[in-house]
Enquirer: 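Starting off with a structure, shown below.
Along the sequence shown, residues are numbered consecutively beginning with 1. Predicted model, so just to flag it, every value in this text is computed and none were measured. Hydrogens, waters and symmetry mates are skipped; everything else that's a heavy atom, side chains included, is used.
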Amino acid sequence: MEYRILGKTGLRVSRMGFGGLPIQRADDETCKEILTQLLDLGVNYIDTARAYTVSEEYIGKSIAGMRDKFIIATKSMARDKEGMARDIEISLKNLQTDYIDIYQIHNPNAEVYEEIVAPGGALEALLEAKAAGKIGHIGFTNHLAEMVERALEEDWVETVMFPYNIVETQGEKLIEACREKNVGFIAMKPLAGGAIEDGDIALRFIAQNKNVDLLIPGMDYPEQVRKNYDAIVDSAPLTEEEQAKIAAIRKELGTNFCRRCNYCAPCTVGIKIPTIFLFDAYLTRYGLPDWAKSRYAALDKHASDCIVCGACEKRCPYQLPIRDMLLKVAERFEK
């Protein structure tokens, strides 16, 4: 396993980390098995978030007795000082630790950014927690390049987490900017939220960008661990055939697709939006129409139940036209 110094944090991190979002779908025993395997392979970075329901708690139970072997990062969507201070304490309790290596401001939009950095904002709580030794470093996560560009103007930003994968390469300029400012760059969504099926080629593509300090594939079952590790430590250049496959994946997916991050939830009428789009992918891309339609029919709510309120679109970090997309799904599945 290759290690990097994560920008001005000075932390020595493994090139591959553990993305803790999918572990919500598993249990604490599975989490312990995964983290034990990762530790054996030299992986020392864990990423989670307050928004990931039970993820912090599973990780806290799993690292008991080996806390010092890992660098732990979590994040909060709190925007004011009181909320952020509260979330830091909850994270410390959930993770069963007295310090967190990196605490990140989680995916703010332009409307709330000024609130975060103003007096009484979330940043004030983070700076106080850092001074008190409760957190080591402050990071920033986002899905929009313009928000990261804005954050990189701030001295307090020590790490940036941003999507970077075969399809989403708009982060390449940000990666260069982070390198110039000695800010650690963490690549999230390496498989575009599961939309890219070939994990080997997807992870190798990212790992071969030497300016990416760290990439954090999500894992929720042990069999993923070795596959991800082997891909990331593979130094073989991508072949012409693999480059052609990457081009085909880009053409197929484009940019207007659901990454299943679930930030759109909760739907006003209870539609499981990422699930709807997953079944649509099985119908339109994977050639499994009967399977997709049977699973779709079994859902409590369907695309046609959308009341076009637009609440989901306001929360979508990729600014997808979810209402129009649901309408097209309804046409494919319900006529």
Enquirer: Any donor and acceptor pair, going by atom type alone, linking the side chain of E242 with main-chain N or O of T239 inside 3.5 Å?
Expert: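 Confirmed, E242 side chain pairs with T239 backbone.
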Enquirer: Are the side chain of R12 and the backbone of G10 linked by a donor-acceptor contact shorter than 3.5 Å?
Expert: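 Between the backbone of G10 and the side chain of R12 there is no qualifying donor-acceptor contact (under 3.5 Å).
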Enquirer: Just checking, any donor-acceptor pair under 3.5 angstrom between side chains of T53 and Q24?
Expert: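 Yes, a side-chain donor-acceptor pair sits under 3.5 Å.
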Enquirer: Using a 3.5 Å distance criterion without hydrogens, assess whether the side chain of Y3 forms a donor-acceptor pair with backbone atoms of G42.
Expert: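 Looks like yes, one N/O pair under 3.5 Å.
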Enquirer: Using only heavy-atom distances, determine whether the side chains of S76 and R50 contain a donor-acceptor pair under 3.5 Å.
Expert: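 Short answer, no.
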Enquirer: Output yes when a side-chain donor or acceptor of E154 lies under 3.5 Å from a complementary backbone atom of A151, and no otherwise.
Expert: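 Absent.
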Enquirer: May I ask you to decide if I216's main-chain N or O and D47's side chain share a donor-acceptor pair within less than 3.5 Å?
Expert: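 It does not hold such a pair.
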Enquirer: Just checking, is any N or O donor in the side chain of T74 or T48 under 3.5 Å from an acceptor N or O on the other one?
Expert: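 On atom types as modelled, these side chains do not qualify, holding no pair under 3.5 Å.
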Enquirer: When the ring centroid of H302 is compared with that of F279, is the distance short of 6.0 Å?
Expert: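 No, they do not, as the ring centres are separated by 6.0 Å or more.
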Enquirer: So, S304 versus E334: side-chain donor-acceptor pair below 3.5 Å or not?
Expert: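 Looking only at side-chain atoms, E334 and S304 do form a donor-acceptor pair, the distance falling under 3.5 Å.
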Enquirer: Please determine, by modelled atom types, if N94 and S91 share a side-chain donor-acceptor pair under 3.5 angstrom.
Expert: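 Distance-only check fails for N94 and S91.
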Enquirer: Measuring only between side-chain heavy atoms, which start at C-beta, is L203 closer than 4.5 Å to N228?
Expert: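 Contact flag for L203/N228 side chains = yes.
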Enquirer: What do the steps show when you test N44 against K69 for side-chain contact (heavy atoms from CB on, under 4.5 Å), and what is the final call?
Expert: CA-CA 6 Å; N44 69 353; K69 305 296 184 183; over 6 Å; no
Enquirer: Check the pair C31, K61 against side-chain contact (heavy atoms from CB on, under 4.5 Å), reporting the backbone distance first and the verdict last.
Expert: CA-CA 9 Å; C31 185; K61 291 178 182 178; over 6 Å; no
Enquirer: Is a donor on one side and an acceptor on the other found under 3.5 Å between the side chain of R250 and the backbone of I166?
Expert: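 Pair found, side chain donor or acceptor close to backbone of I166.
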Enquirer: For Q37 and D40, does a side-chain donor sit closer than 3.5 Å to a side-chain acceptor?
Expert: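 No, no side-chain donor-acceptor contact under 3.5 Å.
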Enquirer: Please determine whether the number of non-hydrogen atoms from other residues, nucleotides or ligands lying under 6.0 Å from atom CG of D300 exceeds 12.
Expert: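 Incorrect, the count does not exceed 12.
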Enquirer: Is any side-chain heavy atom of V233 closer than 4.5 Å to a side-chain heavy atom of E2?
Expert: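 SC-SC contact between V233 and E2 ruled out.
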Enquirer: Please test K134 against E89 for salt bridge (charged side-chain N to carboxylate O under 4.0 Å, His left out), starting from the C-alpha separation and ending with a verdict.
Expert: CA-CA 9 Å; K134 294 180 179 181; E89 294 301 326; 2.5 Å; yes
Enquirer: Is it the case that over 12 heavy atoms from other parts of the model lie below 6.0 angstrom from the CD atom of E172?
Expert: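 Atom CD in E172 is packed in, count exceeds 12.
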Enquirer: Are Y221 and I23 connected, step by step, through hydrophobic side chains (Ile, Leu, Val, Met, Phe, Trp, Tyr) whose heavy atoms are closer than 4.5 Å?
Expert: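 Each belongs to a different hydrophobic cluster.
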Enquirer: Counting neighbours of NZ on K130 that are heavy atoms of other residues, nucleotides or ligands and sit closer than 6.0 Å, is the number greater than 12?
Expert: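 Above 12, so yes.
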Enquirer: Could you tell me whether a side-chain N or O of S14 sits under 3.5 Å from a main-chain N or O of G17, the two making a donor and an acceptor?
Expert: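 No, the answer is negative, given that no donor and acceptor are paired below the 3.5 Å cut-off.
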Enquirer: For the residue pair F185 and F162, does the interplanar ring angle fall in the parallel (under 30°), tilted (30 to 60°) or perpendicular (over 60°) class?
Expert: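 Tilted.
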Enquirer: Do E313 and L320 come close enough that some side-chain heavy atom pair is under 4.5 Å?
Expert: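 When only atoms from C-beta onward are counted, L320 and E313 do not touch, as no gap falls below 4.5 Å.
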Enquirer: Would you say the side chain of T275 lies within less than 4.5 Å of the side chain of L299, judging by non-hydrogen atoms?
Expert: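 The answer is yes; the side chains approach within 4.5 Å.
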Enquirer: Checking side chain to side chain contact (heavy atoms under 4.5 Å, CB included) against I71, which of I100, V13, L214, L6 comes through?
Expert: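 Looking at I100, V13, L214, L6, the match for I71 under the side chain to side chain contact (heavy atoms under 4.5 Å, CB included) is V13.
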Enquirer: Please determine whether the number of non-hydrogen atoms from other residues, nucleotides or ligands lying under 6.0 Å from atom NZ of K251 exceeds 12.
Expert: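 Incorrect, the count does not exceed 12.
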Enquirer: Please determine whether residues L283 and I273 belong to a single hydrophobic cluster, defined as Ile, Leu, Val, Met, Phe, Trp and Tyr linked transitively by side-chain heavy-atom distances below 4.5 Å.
Expert: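 Linked within one cluster.
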Enquirer: Tell me whether the count of non-hydrogen atoms from other residues, nucleotides or ligands lying under 6.0 Å of CD in E111 goes above 12.
Expert: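 At most 12 heavy atoms, drawn from other residues, nucleotides or ligands, come within 6.0 Å of this atom.
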Enquirer: Using only heavy-atom distances, determine whether the side chains of N107 and H143 contain a donor-acceptor pair under 3.5 Å.
Expert: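 Yes, side-chain donor-acceptor contact under 3.5 Å.
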Enquirer: Does Q96 reach the main-chain N or O of L92 with its side chain, forming a donor-acceptor pair under 3.5 Å?
Expert: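 Checking the backbone N and O of L92 against the side chain of Q96, no donor-acceptor pair under 3.5 Å is found.
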Enquirer: Find out whether R67 and L95 are in side-chain contact, i.e. whether some heavy atom of one side chain is under 4.5 Å from a heavy atom of the other.
Expert: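 Answer no - side chains too far apart.
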Enquirer: Step by step, work out the salt bridge (charged side-chain N to carboxylate O under 4.0 Å, His left out) result for D200 and R204.
Expert: CA-CA 6 Å; D200 179 78; R204 285 173 58 214; 3.4 Å; yes
Enquirer: I88 and M77: same hydrophobic cluster, using ILVMFWY side-chain contacts below 4.5 Å?
Expert: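 No: no chain of side-chain contacts under 4.5 Å links I88 to M77.
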Enquirer: Classify the ring geometry between F205 and Y164 as parallel (under 30°), tilted (30 to 60°) or perpendicular (over 60°).
Expert: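 Aromatic pair F205/Y164 classed tilted.
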Enquirer: How about CG on D155, more than 12 heavy atoms from neighbouring residues, nucleotides or ligands closer than 6.0 Å, or not?
Expert: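 No, the 6.0 Å shell around CG holds no more than 12 heavy atoms from other groups.
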Enquirer: Do E56 and K93 pass the salt bridge (charged side-chain N to carboxylate O under 4.0 Å, His left out) test, and can you show the C-alpha distance, the side-chain angles, and the key distance before you say yes or no?
Expert: CA-CA 9 Å; E56 284 185 339; K93 180 180 178 182; over 6 Å; no
Enquirer: Heavy atoms, side chains only, cut-off 4.5 Å: are I72 and Y99 in contact?
Expert: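 Side chain of I72 against side chain of Y99, heavy atoms only: no contact under 4.5 Å found.
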